[in-house]
Q: 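Have a look at this one.
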Protein chains: 2
Amino acid sequence: MAYKKTKFSLLIMLLYAVYNSANAFEVLQALPETPIIPKSNPQTEAKIALGKQLYFDTRLSKDMNYSCNSCHNLAAGGDDDGAATRLKDRDINRSAPSIYNAAYQTVQYWDGHARSLEFQAMEHILSANYMAMRSEKVLLDRFSQIPGYVEAFESSFDGGLNLMNMARALSSFVRTLKTPDSDFDNYIRGNETALNESAKRGLHLFNEVGCMACHFGVNFAGPAPGPAFGMGDGFYELFPNYLGSKYDRKYKLTKDTGRDLITKDRGHKYMWRVPPLRNIADTAPYFHNGSVYELDEAVRVMARTQLKKTLSDEDVSDLVAFLNSLTGKYPQISLPRLPETPGVSLTNQRFQLGE
Amino acid sequence: MAYKKTKFSLLIMLLYAVYNSANAFEVLQALPETPIIPKSNPQTEAKIALGKQLYFDTRLSKDMNYSCNSCHNLAAGGDDDGAATRLKDRDINRSAPSIYNAAYQTVQYWDGHARSLEFQAMEHILSANYMAMRSEKVLLDRFSQIPGYVEAFESSFDGGLNLMNMARALSSFVRTLKTPDSDFDNYIRGNETALNESAKRGLHLFNEVGCMACHFGVNFAGPAPGPAFGMGDGFYELFPNYLGSKYDRKYKLTKDTGRDLITKDRGHKYMWRVPPLRNIADTAPYFHNGSVYELDEAVRVMARTQLKKTLSDEDVSDLVAFLNSLTGKYPQISLPRLPETPGVSLTNQRFQLGE
């Protein structure tokens, strides 16, 4: 196991290891009812409703053809089936992670460079590869022409309509996007029959083989957030941990070097945020580059590259049965009505801005 | 007035003119509770639910990045604010018409070349400029791997999963997308206070200036469908009717020659289906090419190019007030859950097919 070497103290790792061996499955838990809500952005019904409108609004993107939901599809697994990586006019080479339960993550992005949903939302709006709005000014020039938004921001936030408050509203909505009550959740809460025999064997293998050394906690993505765990920077793994298998080339696993591109720290080469496993069956393709199309193959790749193990077909099948049990109950979502600008197309504004 | 010269008999036009002059506003009516349902595709709850899933499913497009809802956004006016015409990888030069109340149209597309929603849906799925599925075989190879769809089609249709039945399911859903109870509807049903004074003046101007000669009927788009009106081919207008105004060049009104591109009949040059006006305030930009961004400007352009009239600012304002009254009540729509293929990405299939 190659844990992140900086910022995460060896002492805490040791405590975890002891805890882990003593009460293996106590490091697993049912999805808590709510994620942690930051004090700087308390949940309100008005903010959640506003965030939902923004989430579905293509006017948040430069060309008005993508909304958040385009790549984090709430009608499916909260992802895009790898579609964004195939966009010819963008330079997106990482698979869109699911937005469901993202609020339970300590950090956002595959390389974990956003410590909050709010930061992630702001960056997505302004990044050339996502919403591609040129600046906050361009964004506000557009949205200030939509009276419904202007009024809703005035009444929901100090400061009214601005980029930070748009990010806050989006984050408030995203904090409602959770999928509780998976078969696994029901099992861990004490319903012995919630998992079938294969899934139960899979759960035990998940611990014995070594998967759970990294995939534990609320979201199967490492320790829960909070200062007690020193998790401000997130929980990372070297991937591939054991180089040299046939998978490296087959799935181009080392083409993207991961977190070092952000930190400029050579020690972070091939370091990736441990990805969450809830709803994993609904979020193919797998890995940062979306190169693996089937869950059973992803299990084989992980066993070999991370643990230097080759699993029997039966073990793979049991592990997949367990992973299938992590699919939760998706919320029923009503499509919002987006505020209109009656009699006016904002398209024009784009050209007025000389873009 | 330049009515469509072929297929629509002069006798019927004459009858309409007499009827029109005798009871001007009787050619207008509130939105009927349901559009005409074809005998070949009766509505069922199962088909509507299935059609809704397909409507929101990006797997219906080749690259899995567009759904019907991408360009006919049900959270907004059922259109895309002109976004599709700006897609660099497609060759779409006509503005996406609203899907709301489309079922009340006699024919579909700006040039009216589809006589049914079913035909339109099939064509959209296979057309290189829309969903771009290469063939029905490619489509079925993909969808036959989604058990939820296979089962739903088996139980909803004779013949199970095939292109025609997908088009039928989509059409069944689209036939539920209606926006009744606009202020105008309430007014025409007898509530005198449903329109303000400006909108009432606008309604009278709408008749007196001549707009209503073409924009009448259920959807303000001409005669209701049905054999009695010989409307199998739709109701068309020459646009621009009076060439030579400043608008021709300013808005490139003659660049696209319209229906003749389909019929190869020179008499159809610059002929366009009379567009519906319900929810017109929510469906900017205007005209077949989406070249006009404001409704008041669209009114000025229409007055000049179709009726050779120049309106006062007050008249334009009253006409816009009337047009604003055509915005109906949008349905509350719950996002469907899309059938998943647990543990598998269909992305792979795309490459297996050698695309």
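This one's a predicted model, so the numbers in the text were calculated from it and none came from an experiment. Lettering of chains follows the sequences in order, A, B, ..., and the numbering in each one begins at 1.
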Q: How far does OH of Tyr149(B) sit from CZ of Arg59(B), to the nearest 0.5 angstrom?
A: 5.5 Å

Q: Look at Ser67(A), Pro342(A), Ala281(A), Ala75(A) and state which one has the largest set of heavy-atom pairs under 4.5 Å with chain B.
A: Ala75(A)

Q: Hey, do the aromatic rings of Phe322(A) and Tyr187(A) have their centres closer than 6.0 Å?
A: no

Q: For Val320(B), which atoms come within 4.5 Å of any heavy atom of chain A: side chain, backbone, both, or neither?
A: neither

Q: Check Ala83(B) against Asn65(A) and note the closest heavy-atom contact, atom names and distance.
A: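 Heavy atoms only, the tightest pair is CB-CB, 4.0 Å.
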
Q: Chain A: which of Gly77(B), Ala298(B), Ser334(B) shares the most heavy-atom pairs with it under 4.5 Å?
A: Ser334(B)

Q: Checking Asn73(B) against chain A: side chain, backbone, both or neither under 4.5 Å from a heavy atom?
A: side chain

Q: Which pair of non-hydrogen atoms, one from Phe56(B) and one from Pro336(B), has the smallest distance, and what is that distance?
A: CD1-CD, 3.5 Å

Q: Cation over ring, Arg337(B) on Tyr330(A), under 6.0 Å and within 45°?
A: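 Judged by the rule (NZ or CZ under 6.0 Å from the ring centre, within 45° of its axis), Arg337(B) counts as positioned above Tyr330(A).
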
Q: On the ring face of Tyr247(B), is Arg304(B) found with NZ or CZ under 6.0 Å from the centre and within 45° of the axis?
A: no

Q: Please look at Asp81(A) and chain B and tell me whether the side chain, the backbone, both or neither of the residue comes under 4.5 angstrom of a heavy atom of that chain.
A: both

Q: Could you check which of Leu335(A), Val344(A), Leu338(A) has the highest count of heavy-atom pairs closer than 4.5 Å to chain B?
A: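 Counting heavy-atom pairs under 4.5 Å, the top option is Leu335(A).
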
Q: Relative to chain A, which segment of Leu74(B) carries a heavy atom at a distance below 4.5 Å: side chain, backbone, both, or neither?
A: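 Both parts, backbone and side chain.
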
Q: Less than 4.5 Å to any heavy atom of chain B: does that hold for the side chain of Thr341(A), its backbone, both, or neither?
A: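 Only the backbone of Thr341(A) comes within 4.5 Å of chain B.
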
